[in-house]
Visitor: 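First, the structure itself, so that you have it in front of you.
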Amino acid sequence: MAPTNTLPAWAELQAHHEIVGKAFVLKEAFKADPERFQKFSTTVKLPADISTEPNGTEILFDFSKNLVTEETLDLLIKLAEQAGLEKKRDAMFAGEKINFTENRAVYHAALRNVTNQEMKVDGVDVMNTKGGVNDVLEHMRVFSDQVRSGEWTGYTGKKLTNIINVGIGGSDLGPVMVTEALRHYGAKDMTLHFVSNIDGTHIAEALANSDPETTLFLIASKTFTTAETTTNANTAKQWFLEKTGGKGDISKHFVALSTNEEEVVKFGIDPANMFGFENWVGGRYSVWSAIGLSVALYVGFDNFYKFLAGAHAMDQHFRTAPLRQNVPVLGGLLSVWYTNFFNAQTHLVAPFDQYLHRFPAYLQQLSMESNGKTITSDGTPAKYQTGAVLFGEPCTNAQHSFFQLVHQGTKLIPADFILAAKSHNPVSNNLHQKMLASNYLAQAEALMVGKTADEVRAEGNVPESLVPHKVFLGNRPTTSILVGGAIGPAELGALIVYYEHLTFTEGAVWDINSFDQWGVELGKVLAKKILKELDEEGNNGEAHDASTGGLLAAFKKYANL
Ligand code: F6P
């Protein structure tokens, strides 16, 4: 493919940005076009049988508070077409090996293919083959039902109510985020721990409050070779054996979620207690796979299945909706617009929803591990910016911490705001939810309209020296996502997949491989080498640069090594 910035639509967008983009005033656009909201918003509907709403939940995506005209969107779509977005999307859904640096298909959509259409990789239907998607789902259903009902017990016959998921990256962030988001549906007698960090504090704190007789460990690792996870898993195993005086039965208390049976067996877990998946599932896309077992255990398999079904609904939308109405495509193209033409560096995602408090952390991996790349498909560096720095926190908390910069800082920070119309906890006669909604609406409005110096003066009693400090320039773009009910499993599934395909769209336009992560390797290799050096007497880091060596020597001295 020709470099993205040499495509004809890129030049057209540059010219359009000079004339229209730079001069665009959002609040004027709304005055000039009373239909703007309708023209720039789209809904995606989830079927009634999986939704929190009796007639199905509508999710409204309002793109109207973005710095775009109809022509901007037409040009962005033209760019996507010239970059081969549809072809790339169809290749992904056809099981082609679009992760070309690892020669792998990118097929996580098969994990949520609840309509069970044939989906093939290398000529094999991954749904119905032995050990394939449906078999693993059935294994997850049986196991989660057994644990939840108490039929599967620990070695002393007690129900397992303390779940410790040991995993990191995609083997942690998805399960943590989703179990938190669906806490309303969680088993009330179950305690969940997620141990990821190699910092011993993480596992120590989880074990400190655990009883081996009632604890189930889920060792979650696609590769089963990740240093943090294998080390934490071994510490857990040792703790279990010590606490049970060697009587504890590993096969009742440890299961593996992995693609690597050989390593699972070496660790001491029976393959019968392994929940497998294939290498066409990327870590950051794996919550839909066996890696989601903690979710199924916590919220029950029927809810896990609804989660998959909601995700599938968004897959179908992405596959079939015309680009102009295709919400992940529009979200991704807006990100390209801000990144490449406005030089925006960041993407803020703020859920107005406490249950979604780990959603931004989850999206950080999804977005930045996918699109934090410089090299394009022909092996040469991109001559344009790629992945934005994604960050966020739930609101209203974020408003009281970093929103100052979003409103009055020197940077343009495109933001997404997410709200559910209905709360699972409508306390104080729903007052909290109405206040939450008022903030969701007010923040986007304030970012758009701002406040002029004259408006500040009109408030009266403002010394002239303070006026500039109280001015808000406004014209800051937001995308508002409104779930037309409460956020249940299906609604959450659809929201996640919105961001997955938004990320796909960005990567397709930028012509990068969104599915590898070579950038995490160098640090891992160096850490392994340095770990050895920490144990070598007399090694004071002389082989390193002066800073690394000096710090290594200081660490050894302070830690008495
Ligand atoms: O180091 C990054 C990474 O490979 C992520 O992509 C992945 O989600 C995480 O580590 C964990 O990997 P695994 O599931 O193989 O332990």
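Counting starts at 1 for both ligands and their atoms, in listed order. Every heavy atom of this structure was used, including side-chain atoms; hydrogens, water molecules and symmetry mates were not.
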Visitor: Select all protein residues for which some heavy-atom-to-ligand 1 distance is less than 4.0 Å, and list them by chain and number.
Guide: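 Within the 4.0 Å shell of ligand 1, which is judged on heavy atoms, sit Ile168, Gly169, Gly170, Ser171, Ser221, Lys222, Thr223, Thr226, Gly283, Gln365, Glu369, Gln517, Val520, Lys524.
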Visitor: Does the ring centre of Phe240 sit less than 6.0 Å away from the ring centre of Phe254?
Guide: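 Yes - the distance between ring centres of Phe254 and Phe240 falls below the 6.0 Å cut-off.
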Visitor: Between Asp302 and Lys306, is there a side-chain N and carboxylate O pair less than 4.0 Å apart?
Guide: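 Salt bridge between Asp302 and Lys306, a charged N being under 4.0 Å from a carboxylate O: no.
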Visitor: Lys237: what forms a salt bridge (Lys or Arg N to Asp or Glu O under 4.0 Å) with it, not counting sequence neighbours?
Guide: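 Counting only residues at least two positions away or on another chain, Lys237 forms no salt bridge (Lys or Arg N to Asp or Glu O under 4.0 Å).
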Visitor: Please identify each residue that fulfils ring pair (Phe, Tyr, Trp, His ring centres under 6.0 Å) with Tyr107, with sequence neighbours left out.
Guide: Trp280
Visitor: State which residue, out of His108, Gln364, Gln517, Gln365, fulfils the side chain to side chain donor-acceptor pair (under 3.5 Å) condition with Arg284.
Guide: Gln517
Visitor: Please enumerate all residues that pass salt bridge (Lys or Arg N to Asp or Glu O under 4.0 Å) together with Glu521, with sequence neighbours excluded.
Guide: Lys524
